[in-house]
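Just so you know, ligand 1 is whichever comes first in the structure, and atom 1 is the first atom listed for that ligand.
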Amino acid sequence: MGSVRSEIDEWLLNGGLVVTASDRAARVLMAAFHRARQAEGLTAWPAPKVQDWNSFVSTAWQQRAMEKMDGRLLLNPVQEQALWAEIAAAGGQTATLLEGPRHRLAKLAMKAHDLLCSHASQFLIEKARNGWLQDAAVFSGWLAAFDRLCRSSDLLSPSRVPLELIELLQESLPAERPPLLLAGFDRILPVQRRLFNAWGAWREAVPGEPATKIHFYQASDAQAELVACARWCKSQLVSHPGIRLLVITQDANARRGEIERAFFKCTGSNPETSSPLFEFSLGIPLRQIAVARGAYLVLRWLNSPLTEAEVDWLLSTGQTAASLQEATELQAYMRALRRRSLERTHWTLEAFTSQPLAARLLPVSWFQRMIEAKRRLEGYSSRSQGPLDWAGLIPQLLEEAGWPGYRPLSSAEFQAAQRWQLAVESVGSLGFDGRRMRWQDFLAALGRTLDETLFAPESHDAPIQIAGPAESAGLTADAIWFLGADEDAWPLTGPMHPLLPTEVQREAAMPHATPQLDGDLAQRITDRLLASASEIHFSFARQKQTAEARPSRLIAQLAGAAQPLPPELAAPPVSSPLTVSFEDSSRVLFPPGKVEGGSSVLTAQTQCPFKAFATARLAAKSWKPAEAGLTASQRGQLLHSVLHSIWDGPPLGIRTHAELTELTDQSAFVASHVQRVFENELRSELRERMPSRYLELEALRLTFLVTEWLEYEATRIDFAVVGTEVARTVSVGELTMDLRLDRIDQLNDGSLLIIDYKSGDLSPSAWDLPRPEDVQLPLYAGFALEEDEVLGGLVFAKIRAGQHVFAGRVGDAKATLLAKLTGGSGLVKNSLTAEQLIDWRDSILQLAQDFLQGRAEVDPRDAPQTCKYCGLETVCRIRENEIHLQSDDDPSSLEVADE
Ligand code: SF4
């Protein structure tokens with residue numbers, strides 16, 4: 001360890017007080033102190049006096065304020081933000097009309113106030129701000145109102161406490177106060193310097209000896225850089241047991257998942273405690289922590305809708321279930337709703353519990369608990385009441401609803417649940433000025449507080465600490481790795497504060513006021529890091545997103561030109577696959593006989609044998625998010641129904657080309673069929689859920705579309721419709737399946753044309769051998785006709801606004817289908833041949849044989865295109881396989897595998 005720790009350790013041993021820049025640094029210093037005593041073989045010792053800046057100031061102020069009987073309320077952040085939001089709203093600016101922007105402005109105003117307090121307190125006097133213009137002038141008005149409100153209501157902003165403490169300290173002799181040792185201050189702010197001077201004796205801890213080993217590396221990209229860092233940490237832990245490492249990263253929050261994966265993969269976890277060997281210094285917003293998110297969703301659901309994804313998440317985490325069985329039943333209920341196409345984009349609790357399936361599938365005890373909690377809330381929610389009353393009601397509502405569920409909480413979850421309760425109470429404290437709120441406003445304030453509260457579980461003193469450059473102040477280690485040392489990221493730059501005049505910010509040297517200030521701060525942080533460990537490694541990625549990055553000049557001046565990564569830190573030549581490959585030669589035969597699913601089984605078999613196995617034999621189904629309007633498949637179903645109704649023959653429909661051309665008003669004819677289909681076939685749940693105007697527009701769109709299509713069909717050569725929605729049961733080898741053909745026409749030469757309606761852009765090339773993409777129509781052509789029926793062709797009827805067309809294979813399209821076809825038309829150029837029919841038949845028989853024999857390998861026909869809309873990738877694990885396959889082929893792709 002460097003001399004910094006020795007000096008601090010000695011200071012603490014002598015009973016001295018250490019003030020740190022952050023609470024994180026204070027915790028780390030205390031942990032280091034305890035470790036040192038343990039290493040000395042002691043079993044008990046006095047607690048060290050270490051305080052972070054904020055607690056040091058508030059403790060010292062409260063002691064003195066109490067002596068003076070100061071009865072003012074020290075605002076917490078939630079209370080102060082609420083005051084700024086009200087002041088901003090009273091100004092009447094457009095930007096403050098909506099709640100979200102109003103609170104964002106309130107946060108900006110709070111920050112501007114804090115900057116003035118810490119850097120330029122002379123501007124807290126209203127007269128000094130007289131010349132401020134535009135946004136700064138508006139803020140100046142808000143600040144004056146804030147001051148008046150604080151004076152009249154006996155309130156105090158925490159930003160003012162250091163200034164008040166300075167005055168209080170000046171009333172007594174410095175000699176009465178113990179000297180201070182400061183640790184981890186990259187920059188001592190003007191207010192801090194004044195306060196320490198008023199306190200009495202103070203000094204900063206002497207930096208340790210500068211690092212003796214400094215390296216600067218360049219990696220090909222950010223992933224390679226991260227892998228190198230993780231591998232270095234692993235090697236250090238192995239070769240120096242007990243070593244403490246610090247990893248500095250600029251964007252810990254944005255890359256958190258990626259960093260966690262790389263470190264988990266490389267360093268594993270502590271074999272004794274199973275906890276990871278690394279931890280982040282910075283927490284994540286409480287709303288993203290499962291326990292808190294679950295509680296918040298439960299409260300919202302009691303009187304407002306949740307999105308389908310939120311309901312699904314809540315039920316799958318079991319946070320409202322009293323037992324595993326109840327959790328399983330709730331998920332089964334959700335699946336049953338989807339299977340019956342009862343999905344919704346949003347679910348109110350009422351709608352969710354009143355579906356026809358609920359009586360049979362929804363656990364009764366869950367239903368009763370949730371409804372009871374809802375009723376309890378309804379007893380209050382129509383009126384305004386004090387925030388403290390709402391805060392008091394929340395634990396009762398959650399308990400009623402069964403939160404946090406049947407599983408015992410882990411230590412981290414327990415801490416998160418406690419932090420949740422603190423967040424609820426802090427919003428409850430909004431009643432400090434006697435205000436009353438509606439339930440929705442309370443929930444909105446709670447949501448904001450959850451977003452702004454960072455939560456990190458208690459440190460388990462992991463040997464690898466991961467921190468941002470500024471948060472690392474006060475942390476020491478035996479060795480450091482600094483990621484992202486490129487020219488754009490280090491020195492770190494940022495925007496000036498938008499509510500303060502530029503010249504004020506520059507004169508007071510506020511953060512980001514000039515590039516020089518950013519450079520100076522980066523230099524001080526770099527110097528501090530150099531003095532915090534004996535060995536430091538800097539690195540940067542040459543490729544940053546899509547741009548080429550250059551090394552940070554500041555680091556290059558210090559460490560020389562960046563060198564390539566040492567070979568031992570580069571990604572391993574062959575990464576271990578995320579899935580273990582296993583050559584499974586076993587096959588589970590499908591008993592000869594009937595299979596559900598019709599032609600889609602064999603289409604799936606050709607696209608990817610595993611897809612056929614999973615869908616036809618395991619009933620696997622992908623899950624698409626619910627849509628606000630009709631889904632593509634519901635619209636397609638309506639189109640089919642309308643065409644079936646039209647071509648179903650008398651008394652309401654027609655059957656021949658002649659009847660079609662004799663229609664006097666095709667549009668009115670189509671409209672009547674559309675109306676009948678909407679009345680008879682649109683399920684009542686869909687009709688209730690969708691606005692009637694939307695359905696009217698859908699009906700109109702369908703009428704236009706089908707009328708256009710009939711106009712196109714009127715140009716055909718004479719035909720008669722043999723049948724629509726024709727049901728046929730066919731045998732393909734030993735496999736039997738039920739088929740339903742959209743339509744069969746008889747052409748002018750007596751042969752039959754098989755028609756399949758499509759609203760998408762499918763091409764007959766999908767039938768091309770040796771491995772077709774789609775076998776539906778070739779299957780119909782080869783197996784669905786009776787012996788005495790002669791096939792004239794098979795076509796897609798592509799019904800798309802303005803682009804109506806037949807596409808497929810016809811024996812003689814110009815003579816039997818459309819006389820106007822030119823020689824360049826696909827229908828003319830690629831006519832249907834007997835050889836083609838034989839080849840299709842053989843291919844389809846082989847597919848049926850493969851299915852029966854249990855061929856189920858993950859072998860997409862045309863990856864990634866085939867997989868794009870399949871939806872089974874979580875079952876077949878194609879992604880993991882792909883990564884593994886790539887890594888076998890191309891060593892450079894291994895970096896991806898490490899994700
Ligand atoms: S996602 Fe691709 S590989 Fe997986 S089952 Fe579907 S088609 Fe096959």
Side-chain angles (χ1 to χ4, degrees), residues 309 312 316 335 338-339 341 343 575-590 595-627 631-633 636 732 735 737 756 758 760-779 796 840 843-844 846-890 893-894 896-897 899:
D312 191 35
S316 65
R335 278 198 303 276
R338 299 288 317 210
R339 290 220 173 95
S341 301
E343 69 270 21
S575 79
S576 46
L578 298 175
T579 49
V580 178
S581 291
F582 170 69
E583 201 58 45
D584 184 2
S585 53
S586 64
R587 289 186 179 172
V588 182
L589 302 185
F590 188 82
V595 63
E596 297 298 323
S599 64
S600 67
V601 176
L602 295 184
T603 290
Q605 186 73 30
T606 179
Q607 288 179 346
C608 172
F610 182 80
K611 183 177 176 183
F613 183 84
T615 52
R617 298 179 65 168
L618 306 180
K621 221 175 160 187
S622 66
W623 179 296
K624 291 198 176 68
E627 290 179 28
T631 62
S633 107
V732 185
L735 198 62
M737 55 185 69
D756 195 59
K758 295 284 178 212
D761 189 19
L762 256 182
S763 156
S765 62
W767 307 330
D768 286 352
L769 297 169
R771 191 172 174 184
E773 187 186 347
D774 175 76
V775 295
Q776 182 191 14
L777 287 191
L779 172 67
F796 294 128
W840 276 334
S843 167
I844 289 167
Q846 184 59 49
L847 287 172
Q849 180 78 349
D850 290 346
F851 179 79
L852 285 163
Q853 287 184 347
R855 263 197 65 189
E857 59 269 28
V858 174
D859 178 22
R861 175 185 173 276
D862 181 20
Q865 204 53 33
T866 312
C867 303
K868 202 168 171 184
Y869 303 106
C870 170
L872 294 178
E873 58 275 21
T874 48
V875 186
C876 69
R877 315 295 291 267
I878 181 73
R879 298 256 162 82
E880 289 93 326
N881 257 336
E882 267 174 359
I883 290 167
H884 181 42
L885 292 173
Q886 279 172 19
S887 66
D888 286 345
D889 295 345
D890 171 13
S893 64
L894 290 168
V896 178
E899 273 183 11

Any non-hydrogen side-chain atom of T631 less than 4.5 Å from a side-chain atom of K624? no
Should the ring pair W840 and W767 be called parallel, tilted or perpendicular, given that the plane angle runs from 0 to 90° and is split at 30 and 60? perpendicular
Among protein heavy atoms, which sits nearest to atom 3 (S) of ligand 1, and what does the distance come to when rounded to 0.1 Å? V858 CG1, 3.5 Å
If you define the side chain from C-beta out and look only at heavy atoms, does anything of P860 sit under 4.5 Å from I878? yes
Give the residue, atom name and distance (to 0.1 Å) of the protein heavy atom nearest atom 6 (Fe) of ligand 1. C870 SG, 2.3 Å
Atom pair CD (E857) and CZ (R587), whose distance is rounded to the nearest 0.5 Å: 6.0 Å
For ligand 1, note which part of C867 has a heavy atom under 4.0 Å away: side chain, backbone, both or neither. both
Residue, atom and distance of the protein heavy atom nearest atom 7 (S) of ligand 1 read C608 CB, 3.6 Å
I'd like to know: is atom 4 (Fe) of ligand 1 within the 2.8 Å range of an N/O/S atom from C876, strictly under that distance? yes
Would you mind listing which atoms of ligand 1 come within a distance below 4.0 Å of any non-hydrogen atom of F610? 5 (S)
Electrostatic pair R338-D312, nearest N-O below 4.0 angstrom: no
